[in-house]
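Notes follow once the structure below has been shown.
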Amino acid sequence: MSKATFERRVVDILYDFQKARKVWNALVGDGLTQANTLVNVQLQQGYVDSAGYWPPALEQFVDLKDRFESKLQKKADALAVDFEATFAKMSAQYSKMKLQTSQFEYLMEEATETFGEAFTYKEPIGTTCTMEQIWIQLERVFGLYSLQIALNREILDALVARNQNLDHAKILSGGASSSPPTSLSSSSRPTGSSSEQEEPRISGFNQIPVRRDKDQGMILLSAWLNQPHLKTDTLLTFDEFCQVELFGTE
């Protein structure tokens with residue numbers, strides 16, 4: 001295998017890695033819409049037992065409350081299934097990134113065996129960087145996604161847990177919340193360098209009591225929206241690195 005072929009394979013691996021990241025980003029938006037709707041339905045479920053929720057004129061319809069609760073539960077269950085499907089797609093993109101990272105590591109070993117250590121650790125691939133330097137960048141970014149996929153799993157589990165055992169959840173939360181449903185759009189994402197901010201300690205969702213209140217819903221939605229482990233500066237540096245060092249040479 002020629003050196004040019006090795007260089008081409010480096011570009012192909014990074015191209016596929018970046019493609020998986022783009023799909024991941026799109027799925028974050030899809031998941032946010034589903035999660036936000038699910039939280040609002042769950043909050044509405046909590047209002048059903050409120051004394052002021054039903055006008056006196058509706059008291060004559062004895063089964064209305066049960067039918068309405070059943071309708072909300074079916075809607076919540078369907079939304080939970082959709083959200084789980086989105087997470088499954090996200091996991092598939094993570095698996096692709098993991099595969100590309102493993103392939104690059106193998107490619108480095110193969111290059112060293114074929115052309116010697118100088119080719120891998122001293123000679124530039126692309127503009128100025130060696131294979132080793134590219135590997136360091138790739139491994140750093142993949143490490144961020146490894147942390148984030150675990151956190152996303154926790155967020156999903158916590159939202160699904162809110163969707164189950166309604167009676168038990170009401171006991172834990174001390175009753176239904178009186179706050180109106182909430183919405184969180186992408187425009188509310190904090191600005192500024194993520195590396196300058198302390199990493200959010202948003203973990204261990206499965207260790208806190210299951211509740212359906214607005215505060216917990218906002219925490220879960222915010223954590224999903226911001227993807228806190230995906231450090232903006234690190235990802236921008238990697239994008240610029242790929243464009244300048246490799247993709248720009250095509």
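- Of the possible donor and acceptor atoms, none in the side chain of W135 sits under 3.5 Å from a partner among the backbone N and O of F104.
- In the hydrophobic cluster analysis, where Ile, Leu, Val, Met, Phe, Trp and Tyr join through side-chain heavy atoms closer than 4.5 angstrom, L32 is grouped apart from V81.
- Under the 3.5 Å distance criterion, the side-chain polar atoms of E117 are left unmatched by any main-chain donor or acceptor of K122.
- Cluster membership check: L236 does not share its hydrophobic cluster with V244, using side-chain heavy-atom separations under 4.5 Å among Ile, Leu, Val, Met, Phe, Trp and Tyr.
- The structure places SG of C129 at 9.5 Å from CD1 of I136, a figure rounded to the nearest 0.5 Å.
- A cation-pi arrangement, defined by a distance under 6.0 Å to the six-membered ring centre and an angle within 45 degrees of its axis, is present between K3 and F115.
- The shortest distance between side-chain heavy atoms of Q42 and Q73 does not fall below 4.5 Å.
- The minimum heavy-atom distance linking L220 with I155 is given by the pair O-CG2, 3.8 Å.
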Item to check | salt bridge (Lys or Arg N to Asp or Glu O under 4.0 Å) between E84 and R153, intermediate numbers included | outcome: CA-CA 9 Å; E84 288 176 329; R153 175 79 255 182; 5.0 Å; no

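- Y94 has its ring centre no less than 6.0 Å from the ring centre of F87.
- Scanning all heavy atoms of the two residues, the minimum distance from M90 to L27 falls at N-CD1, 3.5 Å.
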Next on the checklist: Between T114 and F119, is the side chain to side chain contact (heavy atoms under 4.5 Å, CB included) condition met? List the steps.
Outcome noted: CA-CA 9 Å; T114 304; F119 178 74; over 6 Å; no

Item to check | Audit row: Q18, D239, side chain to side chain contact (heavy atoms under 4.5 Å, CB included) steps and yes/no | outcome: CA-CA 8 Å; Q18 293 289 73; D239 290 339; 2.8 Å; yes

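- For the pair Y145 and L235, the minimum side-chain heavy-atom distance is below 4.5 Å.
- Expressed to the nearest 0.5 Å, how far CG of L144 lies from OG1 of T232 amounts to 10.0 Å.
- Taking 4.5 Å as the limit, every side-chain heavy atom of I125 sits out of range of all side-chain heavy atoms of F6.
- Among all heavy-atom pairs drawn from E7 and P124, the shortest one is OE2-O, 4.5 Å.
- In the hydrophobic clustering of ILVMFWY residues, with side-chain heavy atoms under 4.5 Å counting as a link, M108 and Y106 come out apart.
- In summary, the side chains of D30 and Q34 do not present any donor paired with an acceptor at a separation below 3.5 Å, with no hydrogens or angles considered.
- Annotation for P228 and Q148: closest pair N-OE1, 3.3 Å, computed over non-hydrogen atoms.
- With rounding to the nearest 0.5 Å, the separation of OG1 in T237 from NZ in K231 is 13.5 Å.
- One distance of note links NZ of K75 with CG of L38; it measures 10.5 Å at 0.5 Å rounding.
- With values rounded to the nearest 0.5 angstrom, K96 atom NZ is found 12.5 Å from Q103 atom CD.
- Residue-environment remark: CD (E132) exceeds the threshold of 12 foreign heavy atoms within 6.0 Å.
- Under a 3.5 Å cut-off, the side chain of Q133 and the backbone N or O of T130 do form a donor-acceptor pair.
- Checking side-chain atoms of T86 against main-chain N and O of D82 turns up a donor-acceptor pair under 3.5 Å.
- Figure legend: R140 and F238 shown without cation-pi pairing, the cationic atom not lying both under 6.0 angstrom from the six-membered ring centre and within 45 degrees of its axis.
- Side-chain contact check for N152 and Q227: at least one donor-acceptor pair (N or O, by modelled atom type) lies under 3.5 Å.
- L99 and M131 are assigned to two separate hydrophobic clusters, defined by single-linkage of ILVMFWY side chains at heavy-atom distances under 4.5 Å.
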Checklist entry - side chain to side chain contact (heavy atoms under 4.5 Å, CB included) between L138 and E105: does it pass, once the steps are laid out? => result CA-CA 10 Å; L138 180 64; E105 185 176 17; over 6 Å; no

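- Smallest separation of non-hydrogen atoms from A76 and V41: CB-CG1, 3.9 Å.
- For the residue pair M97 and A20, the shortest heavy atom distance occurs at CG-CB, 3.8 Å.
- Looking only at atom types and distance, the side chain of T5 has a donor-acceptor partner in the side chain of S2 under 3.5 Å away.
- Two residues are said to be in side-chain contact when any heavy atoms from C-beta on lie closer than 4.5 Å; W24 and L230 meet this criterion.
- No side-chain donor-acceptor contact under 3.5 Å links S222 to the backbone of M218.
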Item to check | Audit row: V160, F83, side chain to side chain contact (heavy atoms under 4.5 Å, CB included) steps and yes/no | outcome: CA-CA 9 Å; V160 171; F83 191 39; 5.7 Å; no

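- Atoms NZ and CG, on K19 and L14 in that order, are 15.0 Å from each other to the nearest 0.5 Å.
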